[in-house]
Number of protein chains: 2
Amino acid sequence: MTAALTLEQIGELAGVSRSTVSRVVNEQPGVKAEVRERVLKVIAETGYQPNPAARSLAGQRTRIIGLVIPETAQILFTDPYFPRLIQGIAQACNASDYALSLFLFHTTDDEVALSKRIAQKQLFDGLLITATYIGDPLVEYLLSSDIRFVQLGYNDNPQVNCVDADNFSGAYQAVVHLIRLGFRRIATITGPMSNLAAVHRKDGYLQALGDRGILVEDDLVATSDYTQEGGYQAMTDLLQHKPEAVFVASDAMSLGALRAMRDHGVSVPDDIALVSYDDLPLALLAEPALTTVRQPIKRLGILGVETLIDILRNGAKPPRRIILPTELVVRDSCGAGRRS
Amino acid sequence: MTAALTLEQIGELAGVSRSTVSRVVNEQPGVKAEVRERVLKVIAETGYQPNPAARSLAGQRTRIIGLVIPETAQILFTDPYFPRLIQGIAQACNASDYALSLFLFHTTDDEVALSKRIAQKQLFDGLLITATYIGDPLVEYLLSSDIRFVQLGYNDNPQVNCVDADNFSGAYQAVVHLIRLGFRRIATITGPMSNLAAVHRKDGYLQALGDRGILVEDDLVATSDYTQEGGYQAMTDLLQHKPEAVFVASDAMSLGALRAMRDHGVSVPDDIALVSYDDLPLALLAEPALTTVRQPIKRLGILGVETLIDILRNGAKPPRRIILPTELVVRDSCGAGRRS
DNA sequence: ATGAAAGCGCTAACAT
DNA sequence: ATGTTAGCGCTTTCAT
C-alpha cells in the first residue's frame with residue numbers, strides 16, 4: 001500500500017481530465033466509448049479506488065449505511081436473529097457498494113441524545129433500525145428529522161418505511177395447524193405487549209380461534225417476555241388450566257415451556273402439543289424437535305438495505321412497507337411430525 | 001436537522017478564527033483558557049459536530065475501525081461468540097469516539113481480492129480481524145501491507161498483534177479438574193486442527209495428562225469440527241473405548257456428545273463425566289448443566305479495540321500480544337457440581 | 001496565542 | 001464529449 005492514486009493521476013495516465021475519469025468511475029453518460037475503455041483500463045491496471053472521504057465531502061453522501069441496534073436488543077443478541085439479519089444486511093451492502101457502520105447503544109445513555117449525536121455526525125446516508133418498541137422515541141426523533149431510515153420490524157405508523165415478516169399470519173398458520181390436528185383447548189404464551197410483533201402473533205392466535213368458532217379462554221393466554229425463564233413460568237401457570245395444545249411465540253420460551261412440562265411430568269406432544277416461533281437452530285435440537293414458524297431473517301436484512309437504497313435514490317415519497325411471508329416447519333412437538 | 005454548522009460559523013459566533021475553533025475541538029494546546037471556554041460554550045449551545053468526511057480528507061485519518069469477519073466465521077455466527085465480541089468492540093469504539101465498520105465476507109470471493117478492495121478504500125484507520133485460520137492469506141496480505149491490524153485470536157507469528165483467551169491453560173484447567181475428580185481414562189473431542197485454538201486446547205489436554213503421568217491413548221482423542229453433529233459422531237466413536245470422562249472443546253460439540261450418550265443409554269455424569277468449553281447460554285440449559293470453560297469474550301473485544309487504538313497512536317513497534325485467562329465454571333456434567 | 005492560507009481528492013456546475 | 005473551475009469542511013503549516 002503505497003501512496004494512493006488520485007483522479008488527477010489516473011487522468012494523466014489516460015490522457016484525459018480528472019472530470020472525465022470521474023464520469024467513468026461514476027458510470028455517468030457523456031463519455032465516448034473509446035475513451036471510457038482507455039480510462040477503465042488504466043483504473044484496472046493501477047487498482048485505483050476513489051477516496052471515500054473526498055467523495056463524501058464533495059458529493060454530500062457517504063455511501064455508508066448505518067445499522068442501529070439499541071440497548072434493548074443486546075439481550076436478544078444472544079439468539080441468532082441479529083447475526084442472521086446482519087449477514088443479510090452486510091451481503092446487500094457489499095453488493096451495492098455501500099459500507100456498513102454499526103451503532104450499538106451499549107450505554108445507558110438516553111437513546112435520543114445518542115441518536116442525535118450520531119445523526120449530526122453525518123456519517124451515513126441512511127439508517128436501518130432494529131428492535132424498536134411501541135412508541136420508541138428513536139423512531140419519533142427520526143421521523144421528525146430528515147434522516148432517511150427503514151425500520152426492520154413492523155411499525156403501525158404508515159409513514160414509516162418498514163420491512164418485516166408477517167407475524168400475524170405466521171401465528172395464524174401455527175394455530176390453524178393445531179386446530180386441524182384436532183385440538184380445541186389451545187393456549188398461548190405471548191411475548192411482551194410492548195413489542196408489536198408479540199401483539200400481532202397474539203392477534204393471529206385469536207383470529208385463528210375466532211375464525212373456527214372456538215371460544216378464547218382468557219386463562220389460556222399467558223403474557224410473557226420472550227425469555228426461557230418467562231416461558232417456564234408461563235407454562236407452569238397454564239398447566240393448571242389443562243390445555244391440549246399451546247402456541248408459544250418464541251423458541252426461547254418454548255425451551256422453558258418444555259422444561260416446565262418435563263418437570264411436571266407432562267409429555268410433549270402426547271399430553272400437550274406445542275407449536276413454536278422462530279426456528280432457531282435450537283428448535284431442531286430440542287426434545288422433542290420443535291414444530292415452529294420460520295422467518296426469512298436474512299432476506300429481511302437484504303430487503304431492508306435494498307429498500308433503503310431505493311429511498312436514498314428515489315425519495316421516500318410513497319412509504320415502503322414490505323411484509324414477508326413465513327413458513328411453518330413441522331417437526332415433532334405438535335404431534336404431527338412423525339411422517340417418514 | 002437543518003444545515004450542519006461549520007467550523008467557520010462557530011468561529012464567527014465565538015469571535016475567533018476557524019483555526020482556533022479547530023484547536024479547541026481537537027484539544028490542542030495553545031489556546032487561552034478564556035477563549036477556549038467561549039468557544040466551548042458556543043459549541044455546546046449549537047450542538048456542533050465536526051464533519052467526519054472533511055476531517056478524514058484533511059487529516060488523513062477516518063476515525064473508523066474496521067471489523068473483518070470472513071466467510072468461515074459465518075457458520076459460527078449462530079453461536080453467541082461473535083455477538084458478544086461485537087458488543088465489546090462497539091462499546092470500546094463508542095468510548096474512544098471511533099466509528100465501527102463491519103466487513104463481512106459473505107460471498108465466495110477470493111478473500112485476498114476482497115481484502116485488497118477493502119484496504120484500498122481507505123475507509124478505516126485500522127482493522128480488527130477475527131476467525132482466521134492457520135496460514136490465512138488475509139493475514140499474510142495484511143502483514144505485507146502497511147495496514148495496522150489486531151487479530152482477535154492467537155497467532156503464532158510474533159509480529160502479529162493479537163489478543164486472545166488462553167486456550168491452552170483453559171483446557172489444561174478443565175482436564176486437571178477431571179483428574180482431580182479421580183478420572184484417568186479421559187477422552188477429548190477437539191475442534192478442527194486448522195484452527196489454532198483447537199490445537200492449543202488439545203495441547204492443554206495432552207499436557208495436563210502428561211504432567212500427571214497419565215498415558216495418552218490415541219483412541220481417546222477424537223478430532224471433530226466444533227459442530228453439534230460432529231460432537232455426536234465423535235462421541236459415538238469414543239464410546240467404544242469406554243472413557244470415564246471426556247473433555248469436549250466446545251459447548252456446541254458437547255450438546256451433540258450429550259445426545260450421543262443419551263442415545264446409547266450412557267448417563268452423564270454418572271457413567272461418563274464431561275467438561276466443555278465456551279460457556280454459551282446453552283451450557284446452563286443442557287441436561288445436565290455443563291461444567292465448562294468460560295472465556296472473557298466481551299473483554300477480548302474491548303481489548304482488541306484498545307490495543308488497535310494504542311497502535312494507531314503510538315506505532316506498532318513492539319508487537320502487542322495479549323493473552324487473557326479463562327475461568328472454569330463448575331456445574332453438573334463433571335459430577336462435582338452438586339455443591340449446595 | 002491567534003489568524004491566514006494552502007491544500008486533502010473529489011463532485012458538479014459551467015464552459016467550450 | 002470533454003475540460004475548467006469552484007467549492008465541500010476540515011487540518012496544518014506558516015505568519016504575525
Side-chain angles (χ1 to χ4, degrees), chain A residues 1-40 42-43 46-64 97 99 120-123 125 312-313, chain B residues 1-40 42-43 46-64 97 99 120-123 125 312-313:
Chain A
M1 298 278 58
T2 49
L5 291 160
T6 69
L7 266 192
E8 196 75 51
Q9 296 170 29
I10 299 296
E12 213 161 303
L13 289 173
V16 296
S17 80
R18 167 205 346 205
S19 308
T20 300
V21 181
S22 175
R23 288 188 188 103
V24 172
V25 168
N26 294 301
E27 297 173 313
Q28 283 168 11
V31 179
K32 217 191 301 179
E34 176 204 333
V35 176
R36 179 179 299 272
E37 287 315 310
R38 186 150 35 98
V39 171
L40 246 21
V42 174
I43 289 176
T46 55
Y48 166 79
Q49 295 279 134
N51 179 317
R55 260 186 155 176
S56 301
L57 184 56
Q60 313 282 32
R61 55 201 226 121
T62 59
R63 288 163 179 276
I64 292 174
D97 203 33
Q120 290 182 355
K121 280 197 171 177
Q122 307 148 91
L123 23 70
D125 294 339
L312 258 22
R313 281 206 252 268
Chain B
M1 295 275 50
T2 49
L5 291 159
T6 69
L7 267 191
E8 196 75 50
Q9 297 170 29
I10 300 296
E12 214 160 303
L13 288 171
V16 295
S17 78
R18 165 207 342 206
S19 310
T20 301
V21 181
S22 174
R23 289 187 188 103
V24 171
V25 169
N26 294 302
E27 296 173 313
Q28 284 168 12
V31 179
K32 218 190 300 178
E34 176 204 331
V35 176
R36 179 179 301 272
E37 288 314 311
R38 186 149 35 95
V39 172
L40 246 20
V42 174
I43 289 176
T46 55
Y48 166 77
Q49 294 278 136
N51 179 317
R55 259 187 156 174
S56 301
L57 184 57
Q60 312 282 29
R61 52 199 232 127
T62 60
R63 288 164 180 277
I64 293 174
D97 202 34
Q120 292 182 354
K121 279 197 170 172
Q122 308 148 95
L123 23 71
D125 293 339
L312 258 22
R313 279 207 253 269

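Since this is a predicted model, take the numbers as computed values, not measurements. Lettering follows sequence order; numbering is per chain, from 1.
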Rounded off to whole Å, could you give me the [atom1]-to-[atom2] distance for the [X] and [N] pair?
X         : N       : atom1 : atom2 : value
Gln28(A)  : dC10(C) : CD    : P     : 14 Å
Leu5(B)   : dC8(D)  : CG    : C1'   : 15 Å
Arg63(A)  : dC10(C) : CZ    : P     : 12 Å
Arg23(A)  : dT4(D)  : CZ    : P     : 11 Å
Glu12(B)  : dG9(D)  : CD    : P     : 14 Å
Leu123(A) : dC8(D)  : CG    : P     : 20 Å
Leu57(A)  : dG9(C)  : CG    : P     : 12 Å
Asn51(A)  : dG9(C)  : CG    : C1'   : 6 Å

Can a donor-acceptor pair under 3.5 Å be found between the side-chain atoms of Ser19(A) and the base atoms of dT4(D)?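 By the distance-only test, yes, there is a pair.
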Please give the angle, rounded to 10 degrees, between the axes at the start and the end of the helix from dA1(C)-dT16(D) to dT16(C)-dA1(D), where five pairs define each axis. 40°
Mind listing the closest non-hydrogen atom pair of [X] and [Y] along with its distance?
X        : Y         : result
Pro29(B) : Arg23(B)  : O-CD, 4.4 Å
Ile64(A) : Leu123(A) : CG2-O, 3.4 Å
Val25(B) : Pro50(B)  : CG1-CG, 4.1 Å
Glu27(B) : Arg36(B)  : CA-NH1, 4.3 Å

Which comes earlier along DNA chain D counting from the 5' end, the contact point of Arg18(A) or that of Gln60(A), where each point is its nearest nucleotide? Arg18(A)
With side chains defined as the heavy atoms from C-beta onward, is the minimum distance between [X] and [Y] less than 4.5 Å?
X         : Y        : value
Gln49(A)  : Leu5(A)  : no
Gln122(B) : Pro52(A) : yes
Val42(B)  : Tyr48(B) : no

Tyr48(A) side chain N/O closer than 4.0 Å to the phosphate oxygens (OP1, OP2) of dC10(C)?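 Looking at the OP1 and OP2 atoms of dC10(C), one of them is under 4.0 Å from a side-chain N or O of Tyr48(A).
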Below 4.0 angstrom from OP1 or OP2 of dG9(C), is there any side-chain N or O of Thr6(A)?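 No, no such contact exists.
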Name the residue closer to the 5' end of DNA chain C, choosing between Arg36(B) and Glu8(A) according to the nucleotide with the nearest heavy atom.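 Its nearest nucleotide being more 5', the pick is Arg36(B).
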Report which part of the nucleic acid Gly30(B) touches: base, sugar-phosphate, or nothing (heavy-atom distance under 4.0 Å, all strands).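 It contacts base atoms.
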[X] has a side chain; which of [options] sits nearest to it?
X        : options                 : result
Val35(A) : dG3(D), dG9(D), dT2(D)  : dT2(D)
Val16(A) : dC10(C), dT2(C), dG3(D) : dG3(D)
Thr20(A) : dT2(D), dG9(C), dT11(C) : dT2(D)

